[in-house]
There are 2 protein chains.
Amino acid sequence: MKLNTKSRYAVMALADMAVFSNQKAVSLRDISLRQGISLLYLEQIFLKLKKNNIVKSVRGINGGYMLVKIPKELKILDILLALDQKVKTIGCKKDSKKSCNGKSTKCITHNFWDELDIHINSFFESKKLSDLLKNKEVRY
Amino acid sequence: MKLNTKSRYAVMALADMAVFSNQKAVSLRDISLRQGISLLYLEQIFLKLKKNNIVKSVRGINGGYMLVKIPKELKILDILLALDQKVKTIGCKKDSKKSCNGKSTKCITHNFWDELDIHINSFFESKKLSDLLKNKEVRY
DNA sequence: ATATACCCGACTAAAATAGTCAAGTTTTTG
DNA sequence: CAAAAACTTGACTATTTTAGTCGGGTATAT
Ligand code: FES
Ligand code: FES
């Protein structure tokens, strides 16, 4: 039961931005240095964040990225979805006629996994980027 | 964010046992046929379930496996743990001196992922095998 | 002009996963 | 006792996923 690193880095990078941007664009180079994430990897991640309207870009010298929403209004769920990190613990498709075991009806565990997905989803839905910034003990 | 199939099948197989065992051992062959899971795969799964004292085995003709606890007392979490399915969404070790980014202190996101793990864990902790059997609409 | 920094598709190496195979041992029952 | 049912175990492999890199762009401030 793991989250992929792209999602983790995305959240980490956005939290970094929230802390260090002063209404200015934050360059990936700076995030890379501060958070120890590969610049090349960050580029790939931010490409998706941009496509999903989580950040907007500023090109050229002194360019970088800016958050589209304020941290208090940016759901963690939206970040995960931007990185294709679906909260779907099993592969059974709701719309498909076939259940996970190839039969025509839902398997004995189906409803349970649904409940699980809802439980996890609601966590990510309720948490905002700003919730990460509350703890003052962390080092940046 | 996925659960592996071994854990899924384990839960499914145990739910099957809970339904079909009448104080008798249930053979893997029967579970395999009813739930459409490879017999060879089930063997591998039940080996672990046995080692972790979730089921006990009865050898020979009319043998099979039996639940050690009644469904109402068998936590889903225990099943997952038996299959090495740790509820640990990121790789950062608590005891390790190193944080996920190689620095000496916890990263900015650490506490958040901890919260997530606790949230998911408590779900699996609270759910029992019997909770899967309530829904009468399913087909076996 | 040129350096900075975003843009984007393709690529690869490594790790995890799902599932199989072979070769047992134990126990019941005819 | 013999044979069949059913559990036991470790090793093995093919596939898929993941993490991370590369190369060659384009836009813009100074
Ligand atoms: S049918 Fe949906 S999980 Fe099995
Ligand atoms: S230090 Fe634990 S998650 Fe980053």
Side-chain angles (χ1 to χ4, degrees), chain A residues 1-10 12-13 17 21 24-33 35-68 80 83-86 88-91 100-102, chain B residues 1-10 12-13 17 21 24-33 35-68 80 83-86 88-91 100-102:
Chain A
M1 193 117 199
K2 272 187 186 171
L3 214 58
N4 64 23
T5 59
K6 272 184 193 165
S7 307
R8 299 205 291 109
Y9 286 164
M12 196 186 284
M17 285 178 70
S21 105
K24 287 191 211 111
V26 180
S27 76
L28 294 189
R29 200 178 128 275
D30 287 352
I31 299 177
S32 169
L33 291 172
Q35 304 298 331
I37 306 170
S38 150
L39 175 60
L40 292 164
Y41 209 20
L42 277 177
E43 284 183 351
Q44 205 183 115
I45 290 165
F46 273 74
L47 204 63
K48 295 203 176 204
L49 290 176
K50 187 192 169 166
K51 270 185 187 151
N52 287 277
N53 207 38
I54 308 286
V55 295
K56 58 192 171 193
S57 64
V58 182
R59 300 188 92 163
I61 284 184
N62 294 327
Y65 288 95
M66 303 188 71
L67 291 169
V68 167
L80 301 188
L83 275 296
D84 309 315
Q85 181 70 238
K86 304 255 170 59
K88 195 86 181 61
T89 52
I90 58 141
C100 68
N101 51 16
Chain B
M1 194 119 200
K2 272 189 187 168
L3 214 58
N4 63 24
T5 59
K6 273 184 194 166
S7 306
R8 298 204 292 109
Y9 286 164
M12 197 186 283
M17 285 179 70
S21 104
K24 287 192 210 112
V26 179
S27 76
L28 293 188
R29 200 179 129 276
D30 287 352
I31 299 177
S32 169
L33 291 173
Q35 304 298 331
I37 307 169
S38 150
L39 176 60
L40 293 162
Y41 209 21
L42 277 177
E43 285 181 350
Q44 204 183 113
I45 290 165
F46 273 73
L47 200 64
K48 295 202 176 205
L49 290 176
K50 187 190 168 164
K51 271 186 185 151
N52 287 276
N53 206 39
I54 307 286
V55 295
K56 58 192 174 195
S57 65
V58 181
R59 300 188 90 160
I61 284 184
N62 292 327
Y65 289 94
M66 303 187 71
L67 291 169
V68 168
L80 301 188
L83 274 297
D84 309 316
Q85 181 69 240
K86 304 255 171 58
K88 194 86 181 62
T89 51
I90 58 143
C100 68
N101 51 16

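As rounded to whole Å, 18 Å separates atom P of C/dT12 from atom OH of A/Y41. Separating the NZ atom of B/K48 from the P atom of D/dC7 is a distance of 19 Å, rounded to the nearest angstrom. Nucleotide C/dG19 holds its C1' atom 9 Å from the NZ atom of B/K6, rounded to whole Å. Atom-to-atom, NZ of A/K56 to C1' of D/dT28 comes out at 17 Å; the value is rounded to the nearest Å. Here D/dT18 presents its C1' atom at 16 Å from CE of B/M1, a figure rounded to the nearest Å. Between A/I45 atom CD1 and D/dA19 atom P there is a gap of 9 Å when expressed in whole angstrom units. Distance, B/D84 CG to C/dT17 P: 10 Å, rounded to whole Å. Spacing between atom CG of A/L40 and atom P of C/dC6 amounts to 12 Å, rounded to whole angstrom units.
Within 4.0 Å of B/Y65, counting heavy atoms only, lie sugar-phosphate atoms of the nucleic acid but no base atom.
Here D/dT8 is the nucleotide among C/dC6, D/dA29, D/dT8 with the atom lying nearest to any side-chain atom of B/L47.
Ion pairing between A/D84 and A/K48 holds under the 4.0 Å rule for side-chain N and carboxylate O.
Comparing A/E43 and A/N4 against DNA chain D, the residue whose closest nucleotide sits nearer the 5' end is A/N4. Each of A/K51 and A/V58 has a nearest nucleotide on DNA chain C; the 5'-most of these lies closest to A/V58. Nearer to the 5' terminus of DNA chain D, by closest-nucleotide assignment, is the contact made by B/V26 (compared with the other of B/V26 and B/Q44).
Checking side-chain atoms of B/S32 against main-chain N and O of B/I37 turns up a donor-acceptor pair under 3.5 Å.
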